[in-house]
Participant: 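Shown below is the structure under consideration.
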Amino acid sequence: MVPRPHLNTIAVTIPTARLPIPCTASRCCSPYIHQAAAESQLISAIDASNGLLHARETHARLLRLGFRDSSFLLAKLLRRLAEHGIPMDPYPRLVFSQVRHPNSFLWTSLIRGYSLRGQLQQALLHFASMRRHESCGVAKSLGSGTQLHAQTIFIGGFNSDLYVQNTLIGMYVECGELALAHKVFDKMSVRDVISWTSLIVAYSRSGNMGLAGELFEQAPEKDTVAWTAMVSGFAQNARPRDSLTFFRRMKEEGVETDDVTLVGVISACAQLGAVMEAKKISDDLHRRGSHRGLVVGSALVDMFGKCGLIDEARRVFDAMEEKNVYTYSAMIVGLAAHGQAKDALKLFEEMVTKSSVKPNRVTFVGVLTACSHAGLVEEGHYYFETMWDRHAIVPSADHYACMVDLLGRAGLLEEAHALVNSMPGEPHGGVWGALLGACRIHGNAEIAEVAAESLFKLEPHAIGNYIVLSNVYAQAGMWEKVLKVRGLMRERGLRKNPGCSLMETKDGALHEFFAGDVSHPRTNEIKAALEELLGKLKVAGYVPNLSSVYYDVSDGEKERLLKGHSEKLALAFGILTTGVGQTIRIVKNLRVCDDCHSVMCFASSVAERKIVIRDNLRFHHFQDGVCSCGGFW
DNA sequence: ATAGGGTTAG
């Protein structure tokens, strides 16, 4: 299954960029030197080329010397040709078409050539064709040359051609030039649904759903694509409930939905953990027969994983004929979040050995978190090493964060700290955050202070860091320092995120509970059910964990605060609304505290329910008094 | 011909 880790030490290896190193003891490095020399000679020749004939000679030399695929040199040649006013057809166009994998620089040179000669339709056609190619993996970034070219066209007229204008908007959106996109839109005398949708997408991508929504309401015509842009826009901007609302509105108004629409809603359900809605969508897809498609399937794997139905995720995964890196990553990440580390690693091995799908950085985040949440330190080291050894992926700060988390959780705080200090590049908030989190678990106030100091500089408004540091102090009984951190928070105008738990009843209704919440219509019943449950749990041996309250108050007050935790309210409500043997599913926005965790363990056996909780990190499956997380959370 | 889609730590 999992290959033997070959690393036992906490090696702090600094990955270096793997450049081809031509020199060996037996072979001289001259071929490389020759090639570099040839390249620089060609550059000079291109720069010096005068007119078509000279350029053709240089081109021939370039081909002879084996540079037929050098986007860089050929782009230079194209630019030179354009500067000399040589018509784009046929020669420069031929130069371009001979390159098998043109990069965006070469594309830009071609487009620029056309636009400089006033052949704007041609320029746009090539622009459109470049965008089609980009989705096949060519560099996504558009050079400043392309932007320049667009402006040329913009100034040069064509404001009556709907197609040209729409293409321009699309291009500006891709360049992130929102204001310019809007300017083109404003100047248009005739707009169609594509113009409106392009602009809606532009605002949605910039995070401005308010304006996107206004445009949507104003648009005179709305088709499936326009509606879908809103549904996925809300999902991508972390507003899953609005996404669902729009989806429902769309159906009410009789607008056709398609696979793309459903992918948007799937993502919303994944964020919410809304199981009932998720199942409805999945059934819908089955009826359409498109549940096994590549994108839909990958989204479903992710959704079921995030809704706590990991077996269902696996079923979809196994049924898919075509899988890519999204599919595998979603499945691996899902298994990791459910604590099924061995399965996650096994799947990764299958991916590497049996499929032709190459893992990417996201896949490795999944693999490393799987190790971390299961305490598999040696395996984590092993996979971290293979990233660059075997898969040519240079670990990013995110991967270092995973390693710090892995070491830290396992109690190797010094090693984790050393890794932070020795990693290449500056550690970001995630890296320090992982270290701080580990300090909370192991009660190390000293290293926690170091981590927090960096975090307060890097992300002064991230409230969680203050809370965790203050909790570390509280655990150690350092109350004066707790007050100091609270003072700091007040100074910076930061307020604690209220704990919130979500429970979905069978009818698909979502019930929300906050800490100490009495606003639920059945609050009295819930309170009574909780009291009754806690009474039974105490008989079974449950003792309230008062050290989970990080306030310096009396024990009685601590117990009262513990009872108000949102997941306990959700649990009590769950017991009211389910029967013995059924599953209670809760989604929580923050980490589950130790006391709630132990209550869930006890309750799963005493109340004879399965309890599945998704917190901000992972899933806990409670059954017969035991949690699947094994203490790692 | 031009608009909407899936995986990421603490």
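Naming: A, B, ... by sequence-line order, numbering from 1 per chain. Scope of the values below: all heavy atoms of this structure, side chains included, with no hydrogens, waters or symmetry mates. The model shown is predicted, which means the values in this text are computed figures rather than measured ones.
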Participant: Report the nucleotide, chosen from B:dG10, B:dA9, B:dT7, that has the shortest atom-to-atom distance to any side-chain atom of A:Asp302.
Facilitator: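 From the listed options, B:dT7 comes nearest.
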Participant: With a non-hydrogen cut-off below 4.0 angstrom, is A:Asn616 in contact with a base, only sugar-phosphate, or nothing?
Facilitator: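 A:Asn616: no heavy atom of the nucleic acid under 4.0 Å.
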Participant: Quiz question: going by heavy-atom distance under 3.5 Å, is there a donor-acceptor pair between the base of B:dG4 and the side chain of A:Gln236?
Facilitator: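 Under the 3.5 Å cut-off, the side chain and the base do not form any donor-acceptor pair.
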Participant: What's the spacing between A:Asn208 CG and A:Leu178 CG if we round to 0.5 Å?
Facilitator: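 If I round to the nearest 0.5 Å, the distance is 8.0 Å.
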Participant: Rounded to whole angstrom units, what separation is found between the CG atom of A:Asn465 and the P atom of B:dA9?
Facilitator: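 So the CG-P distance, A:Asn465 to B:dA9, works out to 16 Å.
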Participant: Distance under 6.0 Å and angle within 45° of the ring axis: does A:Arg249 meet both against A:Phe246?
Facilitator: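 Yes, a cation-pi geometry.
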Participant: If you only use heavy atoms from C-beta on, which nucleotide in B:dG4, B:dA3, B:dT7 is closest to the side chain of A:Val260?
Facilitator: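 Looking only at side-chain atoms, A:Val260 lies closest to B:dG4.
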Participant: Establish whether the base of B:dG6 is bridged to the side chain of A:Asn324 by a donor-acceptor pair shorter than 3.5 Å.
Facilitator: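 It does, because a donor-acceptor pair links the side chain of A:Asn324 to the base of B:dG6 below 3.5 Å.
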Participant: For A:Thr261, which contact category applies under a 4.0 Å heavy-atom criterion: base, sugar-phosphate, or nothing?
Facilitator: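 The residue A:Thr261 makes base contact.
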Participant: For a quick test of reading the model: is some side-chain N or O of A:His428 closer than 4.0 Å to OP1 or OP2 of B:dT8?
Facilitator: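 Answer no for this pair, as no side-chain N or O of A:His428 is under 4.0 Å from OP1 or OP2.
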Participant: Can we call the ring centroids of A:Phe348 and A:Phe364 under 6.0 Å apart?
Facilitator: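 Yes, ring centres under 6.0 Å apart.
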Participant: Please report, rounded to the nearest Å, how far the P atom of B:dG4 is from the CE atom of A:Met209.
Facilitator: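 After rounding, the gap between these two atoms is 14 Å.
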Participant: Do A:Tyr163 and B:dT2 share a donor-acceptor pair, side chain to base, under 3.5 Å?
Facilitator: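 Result: no qualifying N/O pair found.
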Participant: Which part of the nucleic acid does A:Arg409 contact within heavy-atom distance under 4.0 Å: base, sugar-phosphate only, or nothing?
Facilitator: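 A:Arg409: backbone/sugar contact only, no base atoms under 4.0 Å.
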Participant: Of the nucleotides B:dG10, B:dG6, B:dT8, which one has an atom closest to the side chain of A:Leu294?
Facilitator: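 Of B:dG10, B:dG6, B:dT8, B:dG6 is nearest to the side chain of A:Leu294.
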Participant: With the side chain of A:Ala434 defined as its heavy atoms from C-beta on, choose the nearest nucleotide among B:dG4, B:dA9, B:dG10.
Facilitator: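 The answer is B:dG10, which lies nearest to the side chain.
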Participant: Using a heavy-atom cut-off of 4.0 Å across all strands, would you classify A:Val325 as base, sugar-phosphate, or nothing?
Facilitator: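 The residue A:Val325 makes base contact.
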Participant: With respect to A:Ser372, which candidate in A:Val367, A:Val404, A:Asp405 satisfies the side-chain contact (heavy atoms from CB on, under 4.5 Å) definition?
Facilitator: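 When side-chain contact (heavy atoms from CB on, under 4.5 Å) is applied between A:Ser372 and each of A:Val367, A:Val404, A:Asp405, only A:Asp405 qualifies.
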Participant: Tell me the interatomic distance from A:Arg440, atom CZ, to B:dA9, atom P, rounded to whole angstroms.
Facilitator: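 A:Arg440 atom CZ is separated from B:dA9 atom P by 17 Å.
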Participant: Could you check how far CG of A:Asp615 sits from P of B:dG10, rounded to whole Å?
Facilitator: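 The distance from CG of A:Asp615 to P of B:dG10 comes to 10 Å, rounded to the nearest Å.
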Participant: Less than 3.5 Å between a donor and an acceptor, one on the side chain of A:Ser329 and one on the base of B:dT7, is that the case here?
Facilitator: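 Side chain to base: pair present.
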Participant: With sugar-phosphate meaning primed atoms plus P, OP1 and OP2, does A:Arg591 contact a base, only sugar-phosphate, or nothing at under 4.0 Å between heavy atoms?
Facilitator: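 It contacts nothing in the nucleic acid.
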Participant: Which is true for A:Gly334 with a 4.0 Å heavy-atom rule: it touches a base, it touches only sugar-phosphate, or it touches nothing?
Facilitator: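 No contact at all - A:Gly334 keeps every heavy atom at 4.0 Å or more from the nucleic acid.
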Participant: Counting side-chain heavy atoms from CB outward, which of B:dA9, B:dG4, B:dG10 is closest to A:Ala401?
Facilitator: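 Of the options given, the side chain of A:Ala401 lies nearest B:dA9.
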Participant: Any N or O donor-acceptor pair linking the side chain of A:Thr197 to the base of B:dA3 at under 3.5 Å?
Facilitator: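 Under the 3.5 Å cut-off, the side chain and the base do form a donor-acceptor pair.
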Participant: Where the side chain of A:Thr369 is defined as all heavy atoms beyond and including C-beta, which of B:dA9, B:dT8, B:dG5 is the nearest nucleotide?
Facilitator: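 Shortest atom-to-atom distance from the side chain points to B:dA9.
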Participant: Starting at CG of A:Leu455 and ending at P of B:dA9, how long is that distance when rounded to a whole Å?
Facilitator: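 So the CG-P distance, A:Leu455 to B:dA9, works out to 17 Å.
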Participant: How would you label the contact of A:Val173 with the nucleic acid (heavy atoms, under 4.0 Å): base, sugar-phosphate, or nothing?
Facilitator: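 Counting heavy atoms under 4.0 Å across all strands, no contact is made by A:Val173.
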Participant: How many whole angstroms separate atom CG of A:Asn589 from atom P of B:dG10?
Facilitator: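 Rounding to the nearest Å, CG of A:Asn589 and P of B:dG10 are 16 Å apart.
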Participant: Grab the two heavy atoms, one from A:Glu277 and one from A:Cys269, that are nearest each other, plus how far apart they are.
Facilitator: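 In this case the closest contact between A:Glu277 and A:Cys269 is CG-SG, 3.6 Å.
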Participant: Which nucleotide wins on minimum distance to the side chain of A:Val295, given the candidates B:dG5, B:dT2, B:dT7?
Facilitator: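 Nearest to the side-chain atoms of A:Val295, counting from C-beta on, is B:dG5.
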Participant: Whole angstroms only, please: what is the CD1-C1' distance between A:Ile393 and B:dT7?
Facilitator: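 Rounding to the nearest Å, CD1 of A:Ile393 and C1' of B:dT7 are 13 Å apart.
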Participant: Are OP1 or OP2 of B:dG4 and a side-chain N or O of A:Arg205 less than 4.0 angstrom apart?
Facilitator: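 Yes, A:Arg205 has a side-chain N/O under 4.0 Å of OP1/OP2 on B:dG4.
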Participant: Is A:Gly430 touching bases, backbone alone, or none of the nucleic acid, heavy atoms closer than 4.0 Å?
Facilitator: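 Base: the residue A:Gly430, judged by heavy atoms under 4.0 Å, touches a nucleobase.
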Participant: Which heavy-atom pair separates A:Val472 from A:Ala445 by the least distance, and what is that distance?
Facilitator: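 Heavy atoms of A:Val472 and A:Ala445 come nearest at CG1-CA, 3.6 Å.
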Participant: Within 45° of the ring axis of A:Phe632 and under 6.0 Å from its six-membered ring centre, is that where the NZ or CZ of A:Arg409 lies?
Facilitator: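 Negative - A:Arg409 is either too far from the ring of A:Phe632 or too far off its axis.
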Participant: Closest to the A:Asn166 side chain: B:dT8, B:dG6, B:dT2?
Facilitator: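 Comparing B:dT8, B:dG6, B:dT2 against the side chain of A:Asn166, the answer is B:dT2.
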Participant: If you only use heavy atoms from C-beta on, which nucleotide in B:dT7, B:dG5, B:dA9 is closest to the side chain of A:Lys306?
Facilitator: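 Nucleotide nearest to A:Lys306's side chain: B:dT7.
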Participant: Given atom CD of A:Gln165 and atom C1' of B:dA1, what is their separation to the nearest angstrom?
Facilitator: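 Rounded to the whole Å, the gap is 15 Å.
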Participant: Could you work out which one of B:dG4, B:dG6, B:dG10 sits closest to the side chain of A:Thr224?
Facilitator: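 Per side-chain heavy atoms of A:Thr224, the pick is B:dG4.
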